[in-house]
Amino acid sequence: MKWNQTHIPTLKESPAEAEIPSHKLMLRAGLMRKLAGGIYTFLPLGLRAYEKVERIVREEMNRAGAIEIRMPALQPKELWQRGPRWDAAQRVMFAASPADGSKFAPGGELVLGPTHEEVITSLAADEIHSYRQLPKNFYQIQTKFRNEIRPRFGLMRAKEFVMKDGYSFDATEDGAVKSYEAMRAAYQRVFERCGFGTQQLKCVWADSGVMGGKYSQEFMVTAECGENEIAFCEKCSYVANVEKAQSKLARLEDGEAPANVGKFPTPGVKTIEDLTKPPFLVAADRQVKTLIFIADSKPVLVLMRGDHPLNEVKLAAATGAIEFRAAREDEIVPLMGARPGSLGAVGKSGVPIYADEALRGRFNMVTGANEDGFHLRGVCVERDIKVTKWADLRSVAAGEPCPECAAPLRIQRAIELGHIFILGTKYSEKLGANYLDEKGQSHPCVMGCYGIGVTRTLAAVIECFNDKDGIVWPMAVAPFHVCISLLDPAKEASAKIAQEIHDALEREGVEVILDDRDERPGFKFKDADLIGFPIRVTIGEKSLAKGGVEVKQRATGEMKLLPPAEAVKEIVAAVRR
RNA sequence: CGGGGCGUAGCGCAGCUUGGCUAGCGCGCUUGGUUCGGGACCAAGAGGUCGCGGGUUCAAAUCCCGCCGCCCCGACCA
């Protein structure tokens, strides 16, 4: 490929819209252009790099025994309404209505697919009848559409993006776990092949969210711009999304024996911190924090240790509510009889009370008296409060002891590239994906689902591999392996050598672009560094006078002067390594 | 949707506070010339409904109102 035959519009400055390195570089290196917020055109180099990632994903899926299919992006709304999560799903879906506002053609209303559990399960309901057909694992690589509340960082969170989504069907729970484990191993290989090292790549325990199902793990790559936080142990292998992470807290001493509950005046006290000050001097970890939430339009009480932050994802998981928010004061007062600052759960009934595990067994605690300006002391949580459900509700903090080995936990931001779930029978039951076992009895298939953000992975590669001069592509994902910087395209001798090296490399299957532009050397070097081709071959009068061409590694800066034939050999070896 | 910021040539910006004369600068682009191993130089050009609509005014990029778009922080997720 010759540079002049393609289109690589590099920019000297990054557009103001880009904030993070990968977004800036994708625009500057001419990989993509924005059409609208969260919607991008892939230019030739961006497309090539994208296709590399896609190929790695496809190869590893096939190797793991998954079967590629292609489902429609346009889907009947009615199918979603029959599925188990229509209420939660509507928020992110685009409806595909006729643009002129006219009625839908026969067949009903359509939506653009944000994911495909409903479609695949309905397909499985029609196609799978017998245990003899199981297990099956279908996948596709396809454009998804989501009405992201806030598109962000270029390809990191886009309204239109490419996802590899896969769905396994098994007869038994054990089988589903096997399918899941096979995918986990395949995902590990995909991301390793994309260039991520064990230091930055983490497979973490995660919350299942609206997807439902028993357990799930996310593949994360640590990065400053990541939208997730992961907690991991410095000593052992424990690592989890903070939405799920736990820690082993030291037991606190509450004194000899539980005292009786006593009310005392606390005029003007509004916060946990207020109570820690004179004249009260109640440590935050001796207080019970009482929070009121509206979960699916019903109030719930949430009890936390005073110094612990609530983790809303864990609360959502504990309550099973789809939508919840903090209650307003005008909702709290009629319910509790007091305003925030003096709230407490002692003696409270008729409202679900969720308590964090860190409060279990505690006594001689202080909490609001449900009377403005008063608190209670001597509270024994299990004796005095009718807890509906104990649950892990708090966010772990950096430095807390690892739940497995008690070494300090660290917290880092990370980008989620893949997510794998065991779904169970949530979808198959609802949509009738059943099979007959050996005895002729009908059972719902046990499902798993597995996603990789393919376009996001591309962005993450750039986010992780760049320096002050531009992108530093891992060989496996680079749009071209080699750039030949021909410094004097007008000089016949140089041009001939460049063409010969180019052709020889192509014959060996090396992807090479020949910079034949009529530009100054410095300009070509800057462009090559910005785009980040792993290997650059420089052909100019200087090198030729010394009897060869220069072969330079982008990542290390290492440079060798070699005769053309040697250079070709060296490069072929490096590319195949 | 809540909070913050921005919208002036393809890109990056100045001008707006305190309204006024032909709307400016750098990069990029075109033409000619000189250059040619780390984003060259000289000269001559092309390119703008100052996001859109309304208002105030003799006069609006500049002041006021409304809308739209983009970016950042939060709730959602591959």
Side-chain angles (χ1 to χ4, degrees), chain A residues 9-20 23-24 27-28 30 33-39 57 88-93 114-116 141-166 187 206-211 216 218-221 225 227-228 241 243 312-313 316 322-326 415-421 449-460 469-470 485-491 494 518-530 536 538-546 550 552 559:
Chain A
T10 57
L11 303 171
K12 224 176 234 183
E13 295 172 290
S14 26
E17 71 199 39
E19 186 90 354
I20 62 167
H23 190 191
K24 284 181 181 171
L27 295 171
R28 280 194 59 206
R33 289 292 182 261
K34 183 179 72 180
L35 176 64
I39 306 174
V57 170
Q90 316 181 39
R91 286 185 300 192
V92 297
M93 272 199 282
T115 174
H116 282 69
I141 297 172
Q142 194 213 33
T143 302
K144 298 285 189 272
F145 302 89
R146 289 190 192 173
N147 188 17
E148 286 294 340
I149 308 165
R150 183 153 93 83
R152 233 197 288 230
F153 300 149
L155 290 187
M156 285 293 178
R157 173 172 301 281
K159 289 184 179 169
E160 180 180 325
F161 63 98
V162 178
M163 180 158 97
K164 187 289 299 182
D165 47 325
Y187 274 39
D207 179 73
S208 300
V210 294
M211 206 60 105
S216 74
E218 291 162 329
F219 282 82
M220 297 275 198
V221 160
C225 70
E227 299 181 81
N228 304 270
N241 193 313
E243 294 173 351
E312 298 199 4
V313 176
I322 291 172
E323 209 157 12
F324 69 96
R325 60 174 173 82
I415 304 165
E416 178 189 350
L417 299 183
H419 200 162
I420 55 180
F421 300 79
C449 79
Y450 318 97
I452 291 179
V454 184
T455 41
R456 180 184 285 178
T457 298
L458 175 65
D469 294 318
S485 295
L486 173 55
L487 301 188
D488 315 293
K491 296 222 163 73
S494 316
D518 182 19
E519 293 288 353
R520 297 162 59 86
F523 197 92
K524 296 189 175 191
F525 294 151
K526 288 286 183 190
D527 266 355
D529 287 347
L530 174 62
R536 187 183 81 201
T538 308
I539 303 174
E541 290 194 307
K542 275 193 187 175
S543 65
L544 292 176
K546 284 186 270 182
E550 288 161 18
K552 186 173 183 184
M559 188 156 78

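Just so we're clear, the structure is a prediction, and the values are computed from it rather than from any experiment.
Distances shown here put a side-chain N or O of A/Lys12 below 4.0 Å from the OP1 or OP2 atom of B/G28. Proximity of A/Arg152 to the phosphate of B/C71: no side-chain N or O atom is located under 4.0 Å from OP1 or OP2. The side chain of A/Arg520 contributes no N or O atom lying less than 4.0 Å from OP1 or OP2 of B/U35. Between A/Arg157 and the phosphate of B/C77, there is no side-chain N or O to OP1/OP2 separation shorter than 4.0 Å.
Residue A/Ala16 is classed as a sugar-phosphate contact, given heavy-atom separations below 4.0 Å to backbone atoms only. A/Met156 comes within contact range of at least one nucleobase, with a heavy-atom separation under 4.0 Å. At the heavy-atom level, A/Glu148 lies under 4.0 Å from base atoms of the strands shown. The residue A/Phe153 sits close only to the backbone: its heavy atoms come under 4.0 Å of sugar-phosphate atoms, none of a base. Here A/Lys552 lies in heavy-atom contact (under 4.0 Å) with a base. No contact: A/Ala528 has no heavy atom under 4.0 Å from any strand. Nucleic acid contact for A/Glu243: none, since no nucleic acid atom lies under 4.0 Å from a heavy atom of the residue. Here A/Asn228 lies in heavy-atom contact (under 4.0 Å) with a base. A/Lys524 comes within contact range of no nucleotide atom at all, as no heavy-atom separation falls under 4.0 Å. Note on A/Arg536: a base of the nucleic acid sits closer than 4.0 angstrom, heavy atoms only. When heavy atoms are screened at a 4.0 angstrom cut-off, A/Asp165 is found touching no nucleic acid atom at all. Base engagement by A/Glu13 is indicated by at least one non-hydrogen atom pair under 4.0 Å involving a base atom. As judged by a 4.0 angstrom heavy-atom cut-off over every strand, A/Asp488 is placed among residues making no nucleic acid contact.
One atom, CZ of A/Arg456, and another, C1' of B/C76, lie 11 Å apart when rounded to the nearest Å. Atom-to-atom, CZ of A/Phe523 to P of B/G28 comes out at 7 Å; the value is rounded to the nearest Å. Going from atom CG of A/Asp518 over to atom C1' of B/C29 covers 16 Å, rounded to whole Å. Per the geometry, CD belonging to A/Glu519 stands 18 Å off P belonging to B/U35, to the nearest Å.
Taking the P atom of each, B/C25 and B/C42 are spaced 15 Å apart, rounded to whole Å. Nucleotides B/U8 and B/A44, compared at atom P, are 28 Å apart to the nearest Å. Taking the C1' atom of each, B/A46 and B/G10 are spaced 13 Å apart, rounded to whole Å. Of the P atoms belonging to B/G4 and B/G66, the separation is 15 Å, rounded to the nearest Å. Comparing the P positions of B/G47 and B/A9 gives an interatomic distance of 15 Å, to the nearest angstrom. B/G2 and B/A75 are spaced 10 Å apart, taking the C1' atom of each and rounding to whole Å. Of the C1' atoms belonging to B/C16 and B/A23, the separation is 12 Å, rounded to the nearest Å.
Using N1 to N3 plus N6-O4 or O6-N4 for Watson-Crick, or N1-O2 and O6-N3 for G-U wobble, each under 3.5 Å, B/C63 pairs with B/G55. If you check B/G45 for Watson-Crick or wobble pairing at under 3.5 angstrom, you find it paired to B/C29. When both distances must be under 3.5 Å, the Watson-Crick or G-U wobble mate of B/G69 is B/C6.
What you find for A/Glu148 and A/Arg157 is that their closest heavy atoms are OE1-NH1, 2.8 Å.
Under the 3.5 Å distance criterion, with hydrogens and angles disregarded, no donor-acceptor pair is assigned to the side chains of A/Asn228 and A/Glu218.
For A/Ser14 and A/Gly418, each mapped to the nucleotide of RNA chain B holding its nearest heavy atom, the one lying further toward the 5' end belongs to A/Ser14. Between A/Leu487 and A/Glu312, the residue anchored nearer the 5' end of RNA chain B, judged by the nucleotide with its closest heavy atom, is A/Leu487.
Taking the 5.5 Å centre cut-off and the 30° plane limit, the aromatic side chain of A/Phe161 is classed as stacked on B/A78.
With B/A78, B/G39, B/C76 as the choices, the nucleotide that has an atom nearest any side-chain atom of A/Arg146 turns out to be B/A78.
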